[in-house]
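Atom set for the values below is all heavy atoms of this structure, side chains included, hydrogens, waters and symmetry mates excluded. First the proteins, then the strands, lettered A, B, ... as listed; each starts at 1.
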There are 4 protein chains.
Amino acid sequence: PTVDLNADVGEGFGRWELGDDAAVIATVTSANVACGFHAGDPSTMATTVRTALEHGVAIGAHVAYRDLAGFGRRYVDADEAELAGDVLYQIGALAGICRALGARIGYVKPHGALYNTIAADDPRGARHARAVLSALQRYDPALPVVGLAGSAFLRAARDAGQPVVAEAFADRAYTPEGALVSRREPGAVLHDADEVAERMVALVRTGTVPAVDGTEVPVQAESICVHGDSPGAVAMARAVRDALTGAGVDLQPFAAGPRAG
Amino acid sequence: PTVDLNADVGEGFGRWELGDDAAVIATVTSANVACGFHAGDPSTMATTVRTALEHGVAIGAHVAYRDLAGFGRRYVDADEAELAGDVLYQIGALAGICRALGARIGYVKPHGALYNTIAADDPRGARHARAVLSALQRYDPALPVVGLAGSAFLRAARDAGQPVVAEAFADRAYTPEGALVSRREPGAVLHDADEVAERMVALVRTGTVPAVDGTEVPVQAESICVHGDSPGAVAMARAVRDALTGAGVDLQPFAAGPRAG
Amino acid sequence: PTVDLNADVGEGFGRWELGDDAAVIATVTSANVACGFHAGDPSTMATTVRTALEHGVAIGAHVAYRDLAGFGRRYVDADEAELAGDVLYQIGALAGICRALGARIGYVKPHGALYNTIAADDPRGARHARAVLSALQRYDPALPVVGLAGSAFLRAARDAGQPVVAEAFADRAYTPEGALVSRREPGAVLHDADEVAERMVALVRTGTVPAVDGTEVPVQAESICVHGDSPGAVAMARAVRDALTGAGVDLQPFAAGPRAG
Amino acid sequence: PTVDLNADVGEGFGRWELGDDAAVIATVTSANVACGFHAGDPSTMATTVRTALEHGVAIGAHVAYRDLAGFGRRYVDADEAELAGDVLYQIGALAGICRALGARIGYVKPHGALYNTIAADDPRGARHARAVLSALQRYDPALPVVGLAGSAFLRAARDAGQPVVAEAFADRAYTPEGALVSRREPGAVLHDADEVAERMVALVRTGTVPAVDGTEVPVQAESICVHGDSPGAVAMARAVRDALTGAGVDLQPFAAGPRAG
């Protein structure tokens, strides 16, 4: 079996650093690079792209609401055309830096509040999903986009004909229905690296994870999202990677490699 | 004879508008589109690109220091790598929006304080000129860049092998040495549309303009910059255009047209 | 009878201007001054405060979500403490500029999406209303705050003990229940200056306005909001003012004058 | 003898943290709080003010050029009135947050590139010094301002009648003329905590420090600036503090305490 490991990187801004990008990029197969709207000034973006090139890790445009103060974690009620423009701007900005470095964008992944908004099956989510998809369809209808396994966004992207990649979260608990347990609930985030690693091996092998009620819930995911914004997070990412390779799982990016064709 | 007419457009931001872009774009052959650092949110950029497409006017990336509050008119002492990254980010962002609309960037023009800084023959100017040229060389060594006729930047760009386009300013007085009279001096800016138009016809025909002391000064320019940020400016731009075409001058963009190849 | 007239001013930013502040301030009794989060750089704020001082017009802090690109018209899902901090920051910033100019803040008025959010009687509105009120209670429990007549925010402010000022909108249609007709509905915005002026005279005299269905609806308002962001808006503001004074209504600010005590 | 210890704090922004503010504030007598232009969102500012209140440490407004991407370390060629407005805006914003928390601003300290620009004895420095002093004189002519010992800014502030506080840098080498050795020179920054502590004891006792050439150079300083943006920096700050108190030096803030009168 095969799976991709992705993580958020390049999330510093100017003087501020966040996480150990070199360690994270050495661990994953796909790197979600912040594009300046929630994090990621151009110099940080260039450094991150160079690191991805060194490790042969696929580069994703991690697009977000325009919200530096909130790190893209706050819903912003942008109108549809405005949000589509913001998405194109961010993808293009990263593409410009990639081009100068001999790199290329392999995929797009919405970040934070935008990710969660479009995952939801409601009018607001549908509107912002349309904005993202309208941007992608016009920019490159063959560019894969990552979204939450089982989400409304993935269905909308498939309907639009955009290639989609479903992802699971390594350190998150799942409801019996296959949704993420809300961060407001106890037990939403898993902290035991071994348990997390074991769950991900099971996910790849069986297509299911244990839900919070003990039942097995199917989660169809081609990529697993790990974190790298703390030393513990990097250790957990490595544990997941090691467990997967130890179990004979082939870690493969779903997207084109970072080097420009 | 042939010349290009260029003007700054897309210089609104969000709620704020500036100038009459439709009228300006209908008048010129090349449109310098703000890329978000001094002006130009993504929606404004998209609207501007669409207007350029409608009129078949070449699209330039109007790159600036990161300075929304100062409209890019203030020198910012960015380090070289940082500034190169900022330039790539802006070009890429506009390219992303262009790509989604079937358009393309035909050239690059530095804006405001960045334009003036790199025009100067001093260490600070040389440093920022290197940053801009390093970005362009890596992004696309065949992409033309516009600069002040006779400036240190144009020499540096030629030395680097980047295609350069020298421009003159329609409404500015020139010193006998061929430099612009400083805006701090009286008479630096010309306000008579007929006089300005006549000077530009002479410039194209003879390669000279009358300097402030009455002597004729050579100014080698392939493009003439006009303004559009006030009703009077638009009228002057039209007067320049009409005088040039009336004198048999062919108005031709130096760059590739706006439609993606 | 007595009423206050208020309008939004100081809504330029850097190079960008919006509306004719001098004309508007000469027309109203209270000026809502943008504080930098949706509009209003410090120089613009200082200019606006000076104009308010010249005309003896009360100065209000027009506080907004942090959203320059969206002009504060987009809901931003800030958490409660964060929003309270943003409100304090903006009030303080304007107070700092006022202090240097011998002026003072007479009241606070939430702007745009923040205004509409807290007007609504729902959990989201209640949360952001608490944030605004927590900021005001701690900053100055005697500082009046302006809100929509009949809104949940005004009730919450009264409950908290903050002085409240109910306002009506001169150019907006009202439902029979006393709410504003949504801008998405036809007829939401009134364009006839004479009709608008007449309605406002009736409002002050009778405490009612004609609703969209022709019934008279009670609207208890101590202030009337007029606009100034276009020549037509300024003309309408003057028509309202002239009609009110012609009808013997005394135009009086509800708040302390602009000059520091 | 008596001296003040000051350090930069509150230099995170949104998701980003910088340094260990709690440890630093527990070590110093004066805390320079970032005001949002180079760092410091309102929530971070509030947290920092609360920590200063807990430790009874004086609060300074750490004002900067508007340059979040450059952390205020890049010269920005603002005009004089614009910069004065920016300074007032930042002081006021911090004052607003202080007021809500029962705190007050005890002093002002320019940050980064602004600090260095106004320290220099040249036309550019004089212009920005005038801007800062014009803001302070109008805001509160009794509010102390911190500047580099021996700098042109301190002289200008004294001439203007603004109370001034000269500071020395604990970890910086001095030229025989009493200026800081440029960071571009080797040996500009001292890394040995014991040596640094010893130098500061000597500074307070004798009014001199050893210059890079071994001579003793007079440095008149009422405050010593220490850093806290890395674990090593905090350790050095503590070493300076312990050495000073061990040598019988009384650590006293020069400014009013953080609690509102």
Side-chain angles (χ1 to χ4, degrees), chain A residues 10 13-15 33-37 40-50 61 63-66 68 76 78-105 108 131-143 260, chain B residues 10 13-15 33-37 40-50 61 63-66 68 76 78-105 108 131-143 260:
Chain A
F13 189 79
R15 173 72 177 85
V33 180
C35 297
F37 272 38
D41 63 286
S43 294
T44 296
M45 291 164 73
T47 301
T48 310
V49 166
R50 277 193 202 95
V63 298
Y65 291 130
R66 186 192 284 268
L68 216 50
V76 176
D79 80 27
E80 199 173 320
E82 196 173 47
L83 179 56
D86 286 357
V87 168
L88 288 169
Y89 186 97
Q90 292 176 76
I91 297 174
L94 179 59
I97 288 168
C98 281
R99 177 168 166 166
L101 296 169
R104 65 175 162 187
I105 293 177
V108 171
V132 171
L133 290 169
S134 137
L136 296 180
Q137 287 279 296
R138 290 180 291 151
Y139 185 81
D140 182 357
L143 193 62
Chain B
F13 189 78
R15 173 73 177 84
V33 180
C35 297
F37 273 39
D41 64 287
S43 294
T44 297
M45 290 164 73
T47 300
T48 311
V49 166
R50 277 194 203 95
V63 298
Y65 291 130
R66 186 192 283 269
L68 216 50
V76 177
D79 80 27
E80 199 174 320
E82 197 172 46
L83 179 56
D86 286 358
V87 168
L88 288 169
Y89 186 95
Q90 292 176 79
I91 298 174
L94 179 59
I97 287 169
C98 281
R99 178 168 166 165
L101 296 169
R104 65 176 161 187
I105 294 177
V108 170
V132 171
L133 290 169
S134 137
L136 295 180
Q137 287 278 297
R138 290 180 290 151
Y139 185 80
D140 182 356
L143 194 62

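- If you tally non-hydrogen atom pairs under 4.5 Å between each of Gly36(A), Gly85(A), Gly96(A), Ala93(A) and chain B, the highest count goes to Ala93(A).
- For residues 83-92 of chain A, no pair satisfies side-chain hydrogen bond (donor to acceptor under 3.5 Å, both in side chains), with sequence neighbours left out.
- Interface with chain A: from residues 133-141 of chain B, residues Arg138(B), Tyr139(B), Asp140(B) qualify, criterion being any non-hydrogen pair under 4.5 Å.
- Proximity to chain B is absent for every atom of Ala95(A), based on heavy atoms less than 4.5 angstrom apart.
- Only the backbone of Ala81(B) has a heavy atom closer than 4.5 Å to any heavy atom of chain A.
- Chosen from Gly92(B), Ala46(B), Gly14(B), the residue pairing most often with chain A at heavy-atom distances under 4.5 Å is Gly92(B).
- Contacts between Leu101(B) and chain A at a heavy-atom distance below 4.5 Å involve the side chain alone, from C-beta outward.
- In this structure, chain B has a heavy atom under 4.5 Å from the backbone of Cys35(A), while its side chain stays farther away.
- Here CE of Met45(B) is found 10.0 Å from CG of Leu88(A). Values are rounded to the nearest 0.5 Å.
- Of the residues considered (Arg66(A), Arg99(A), Glu82(A)), Arg99(A) shows the highest number of contacts with chain B, using heavy-atom pairs under 4.5 Å.
- With respect to chain B, the highest number of heavy-atom pairs below 4.5 Å among Gly102(A), Ser43(A), Ala100(A), Ala84(A) belongs to Ala100(A).
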